[in-house]
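For reference, the structure discussed in these notes is given below.
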Amino acid sequence: MKMFGNLFRRNASQKLSALLLIFGFIWGLVLLRFTFQQPKHQNSAELREQILELSKRYVRALAEENQNAIDGPHGASMAGYADLKRTIAVLLDDILQRLGKLENKVDDMIASRLTNNTNSTNSNSMSAGASKQMNNQEFSDLCGLTSIDGFPYCEGKIKWLKEMWKSESCYANYGVNGSTCSFIKYLSEVESFCPLLPERIKMIAAAISLKPKAKFLTSLDGLLAVLAEHKELAWIKLRIERMKEKWITAVKALAKKHNLENRPQKKILLHLGLLTRESGFKIAENVFKGGPLGELVQWSDLITSVYVLGHNIILSTSVDELIRHLSIVTGNKDGCPIRGDKLLDLIYIDIVGLRQLKSVLGASFTHYRCLLRVLDSFGTEPEFNHAEYSKIKNHGSPWGKLNLIPKQFYNMFPHTPDNSFLGFVVEEYFNENHIALLNTISRTNKALVYGKLADYWKDKIPFLDIVEKYAEIHGTFHENHNVPLPNYIINHGILSGHNLQLLLREIKVFVGLGFPYEGPAPLEAIANGCIFLNIRFQPPKSRKNTLFFQGKPTFRELSSQHPYAEMYIGKPHVWTVNIENRSEVEEALRQMMKHEVKPHLPYEFTCEGMLERLNVFIEKQDFCLQREIWPSINALIVKMAKPSQSCVEVCQKEQLICEPAFFHHLNKVTELKRYEIKCITSKKAHDLYLPAINPRNQMCLLQSDYLLFSCAGSHELYNRICPCRDYVKGQVAFCQTCVEEKENN
C-alpha cells in the first residue's frame, strides 16, 4: 500500500513521463507486429486505425488529467501540457508518414516480384505507388480541388485533421467544423499544406490587393539610423554609406525600366545568426582585422535592397532580440497559429540563425517554415535537405536535414539550380567623377595575388616563380606570418577598400591560388579592368576529395577556383589554367600580357541587377499559397538525359539551365505524352533521379516525394526527364520572358 501511495503522490511531470513510456511501449509492439508479420494491405490499414485510436485515447486522457489537475496543487506544472500534447500530435503525424512510406516500399517490392515473374509487359499494369494517385472521385471529395501538385503533405494532413480536429479548440476557432472543405480551407489559408480552393483564390487575391503598397525609397537615412543601433552591424553600415548614391541611382533606373507600383508592402524579418554572440563566430569582432567578409557583403546588399524596395524591415542580431520580435508567437500555446494579421510575410536568415529561430519558436516553427529564405553560400542539394533521405544515405553534414523546399536556400552564385541565386553587389568605387584621377594611373605588367593570408601562398611558390617571369608580383596579406616567401613579392598589407581598388587599377593580372573558393574578389578585380588567372581543378573538387567541402550539404563539383567566372564570363577577362601544366600557364600569361581589357561587371552583380532580382523573388516566389508557377510554364524546354547524366549537365550542354519549378508539371504520364515521351507502364518511387524513363522497357518512373525533386540527381540505368529553360545573359535567375519591362521603354 505504501508503494502505491508513493506512486500516486508523484508530481505531474513524472506521471506524464510514465504515460509517454507506456505509449512508446505500445507503439513499439505495434511496429514490431507490422515488421515481422506478412505485410498485407488489410494489416497496414488496421495498423493505421490502431495508431489513430491510440492517439485519440492519449489526447483524451491527457485532457482529462489536465482538467483534474489545473486547480490542484500541481496546477502550475500543467502549463506545459498544451505544448506536450501538440508535440505528441506531431510525433503521431510523423509516425503515420513513416508508416505510409514503409507501406509503399513493401508494395513496390511486391509489384517488383510480380513484374519479374511475368514474361510480357502489360500496358495496364501499374505499381502500387502509381495506383495510389488520387482519381477524379477522390479529388471531388476534396471540395473541388483538381490537383495537389507541389503540396506533398496535403493528403496526409487532411486525413490527420479529419481524425484530430477536435483535439484543439483553436481549429474550430478557424472555422474547422469536420467537413473536408473546412479542413482544406484551414490547411491552405492558415498552415499552407494544401492548395487554395478554387473559389477562394480570387477572394484571397482581393484581400491582398487591399494591403498597403510598397513605395521605393530614395533616401537611406532611416536605414542608417537603424543600423547605428546595432554595433554588430558597423561594417555593414559603412558599406551602405559608401554605396548609398549608387543604390538610389539604381532604384530610380529600375523604376523607369519596370513597373514598381501596386506591390504589396511586406513585413520582413532579417536575422543575422552569424553575428550573434551565441554563434561563437566572433565575425563582428574580427571584421576590421581581415576577417571573412563574403557573407557580410551579401547581408549588407540584401538589407539595403529590401529597404530601398519599400518593405518594412525588422533587424535582429541576437537571440534576445529575436525573442522580443517574436514574443507574440512564442506565447502561443495552441496548436494553431495566432489569429489576426500575419506577424511576418518573409524571414531572411542564415543556417545558424535558423537553428536559433527553431529554438525560439518551438512547435510554432512549422507555421513559419514557408516564409523562410535561407542565405547559404555554397548551396544545399535536395539529398542533404531531405532529412530521411540524408539519414538513409548516411550523409554526415551538420547543415542539412531541414526539409525546406530547396528553392528556399539563397546562394552567393548561380551554381546550384535547385536553390535560388540571391547574389551580392560588387562595389565600384569609381565613376565619371573620378576620370581625372583614373587617367593618372597607368596599368603595367603587375600581378596581384588573391590571398589575404600568407598560408594560402606557401605551397604555390613554384607557380609564382612562373608568374614572376612575366609580371611584378604584389600581395595584400597580413604582415605577421611565419611563411617563408620569395623576396620578389611586394606586400601592401591589408588595404582599405578604396586603396585596394586604386591598386587594382595598376594591376594587369589578378592571380588565383586555388583558394578561397568562389569569393567576390575576382569579380571586383575584373570590374577594375584586371584579367583573372583562374585555377582549374583536375579532378574537380568536392566533398568526395576535399576536406573543406566534407561538411557542406552538397556533392557539387568545382571545376575551378571560381566556376562562375569560368562559365559565365570567360575570355578575355578570365583565363582558366591547370597550374600543374607549366606550358599552359606560360602560354596563358603571354596572351594575357598582350591583351588590354576594359572593366567588366555582369549586370546581376550591380545594384540595379540585385534590386531587379530580389524584387521579382519577393513578388513571385511563394512557398506558402503557391498560387502560380514561377517562372511561367511557357519557358519549359524538355530535354532527355543519357544514363548517368544529371539534368544540370544536359541543360548546361544545351546552353540552358535546369528549372526545378517545372518538375511538378512533368511528373505526370499525361504531360509526358505531350512532350512525345511515351510510357508503356509507370510507377511512383522516391529518389533524386525522378522523373525518369527506363529505356529498356519504356517504364516511366515518377516522383512520389516532392522534396526529392533534384536537378543534380542521376542514375546509371535510366534517362532523366529534365525541365530546362533559357536565361538572360547577365541575369541568369530569369528566363528571357520572365520579367516584363514597361511598354514603350
Side-chain angles (χ1 to χ4, degrees), residues 290 440-497 499-538 541 558-563 565-566 569-600:
T440 65
I441 302 173
S442 59
R443 196 181 301 276
T444 57
N445 288 353
K446 297 178 181 178
L448 178 62
V449 177
Y450 177 22
K452 289 189 296 184
L453 298 178
D455 284 347
Y456 299 167
W457 300 50
K458 60 184 178 182
D459 298 325
K460 301 296 188 296
I461 303 306
F463 166 60
L464 294 176
D465 288 341
I466 300 174
V467 177
E468 196 267 337
K469 289 174 56 179
Y470 296 87
E472 182 180 84
I473 297 184
H474 294 249
T476 55
F477 53 85
H478 286 283
E479 298 285 357
N480 298 325
H481 64 84
N482 297 315
V483 180
L485 295 174
N487 293 328
Y488 57 68
I489 296 173
I490 302 170
N491 184 28
H492 300 262
I494 301 299
L495 297 177
S496 67
N499 289 334
L500 175 61
Q501 301 257 338
L502 284 174
L503 177 61
L504 287 171
R505 289 286 170 158
E506 302 176 18
I507 298 297
K508 183 85 171 184
V509 182
F510 191 66
V511 180
L513 296 175
F515 188 86
Y517 308 118
E518 298 182 306
L523 296 186
E524 293 176 359
I526 295 167
N528 279 285
C530 301
I531 302 174
F532 177 43
L533 186 60
N534 186 31
I535 305 304
R536 179 182 294 116
F537 298 143
Q538 293 178 328
K541 290 185 181 292
L558 271 70
S559 58
S560 67
Q561 182 175 359
H562 209 290
E566 176 188 8
I569 300 178
K571 294 177 181 179
H573 302 281
V574 180
W575 292 67
T576 303
V577 299
N578 176 10
I579 62 173
E580 302 300 327
N581 187 329
R582 185 185 182 97
S583 60
E584 182 181 351
V585 173
E586 294 210 38
E587 178 58 26
L589 286 166
R590 277 193 291 269
Q591 294 299 323
M592 292 162 78
M593 295 306 159
K594 295 178 183 177
H595 279 79
E596 290 290 339
V597 298
K598 294 181 179 180
H600 170 72

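No hydrogens, no waters, no symmetry mates; every other heavy atom, side chains included, goes into these values.
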Nearest 0.5 Å, please: how far is [atom2] in [Y] from [atom1] in [X]?
X	Y	atom1	atom2	result
Leu533	Met592	CG	CE	4.5 Å
Ile507	Ile441	CD1	CD1	11.0 Å
Gln591	Trp575	CD	CH2	5.0 Å
Thr476	Leu448	OG1	CG	5.0 Å
Gln561	Asn534	CD	CG	6.0 Å
Lys594	Lys508	NZ	NZ	11.5 Å

Pairwise side-chain contact, [X] with [Y], heavy-atom cut-off 4.5 Å (strictly under):
X	Y	answer
Cys530	Arg443	yes
Arg536	Glu584	yes
Glu506	Thr444	no
Leu464	Tyr488	yes
Ile579	Ile466	no
Pro486	Glu468	no
Leu513	Trp457	yes
Leu485	Ile461	yes

Which atom pair, heavy atoms only, marks the closest approach of [X] to [Y]?
X	Y	answer
Ala447	Val467	CB-CG1, 4.0 Å
His481	Ala454	CG-CB, 3.6 Å
Asp459	Pro462	O-CD, 4.3 Å
Lys446	His474	CD-NE2, 3.7 Å
Tyr450	Gly512	CB-CA, 4.3 Å
Pro572	His595	CB-CD2, 4.1 Å

Practice task
For the pair His478 and Ile494, evaluate side chain to side chain contact (heavy atoms under 4.5 Å, CB included) and give the outcome as yes or no after the intermediate values.
Solution key: CA-CA 6 Å; His478 286 283; Ile494 301 299; 3.8 Å; yes
Handout entry: Glu586/Lys469 ion pair, N-O < 4.0 Å
Key = yes
Handout entry: Chi angles and distances behind the side-chain hydrogen bond (donor to acceptor under 3.5 Å, both in side chains) call for Asn578, Gln538
Key = CA-CA 8 Å; Asn578 176 10; Gln538 293 178 328; 2.8 Å; yes
Practice task
For Ser496, check side chain to side chain donor-acceptor pair (under 3.5 Å) against everything at least two apart and list the hits.
Solution key: Asn499
Exercise for the section: Start with the C-alpha gap between Val483 and Phe477, add the side-chain angles, then the distance that decides, and say whether side chain to side chain contact (heavy atoms under 4.5 Å, CB included) holds. Expected result: CA-CA 11 Å; Val483 180; Phe477 53 85; over 6 Å; no
Practice task
Tell me yes or no: between the side chains of Gln501 and Asn528, is some donor less than 3.5 Å from an acceptor?
Solution key: yes
Practice task
Describe, in one word, how the ring planes of Phe532 and His562 are oriented to each other, choosing from parallel (under 30°), tilted (30 to 60°) and perpendicular (over 60°).
Solution key: perpendicular
Exercise for the section: Please name all residues satisfying ring pair (Phe, Tyr, Trp, His ring centres under 6.0 Å) with Phe515, sequence neighbours left out, ordered by chain then number. Expected result: Tyr456, Tyr517, Phe548
Exercise for the section: Please lay out, stage by stage, how Thr576 and Glu566 fare under the test side-chain hydrogen bond (donor to acceptor under 3.5 Å, both in side chains). Expected result: CA-CA 7 Å; Thr576 303; Glu566 176 188 8; 4.7 Å; no
Practice task
Mind running side chain to side chain contact (heavy atoms under 4.5 Å, CB included) on Val597 and Ile526 for me, showing each step along the way?
Solution key: CA-CA 9 Å; Val597 298; Ile526 295 167; over 6 Å; no
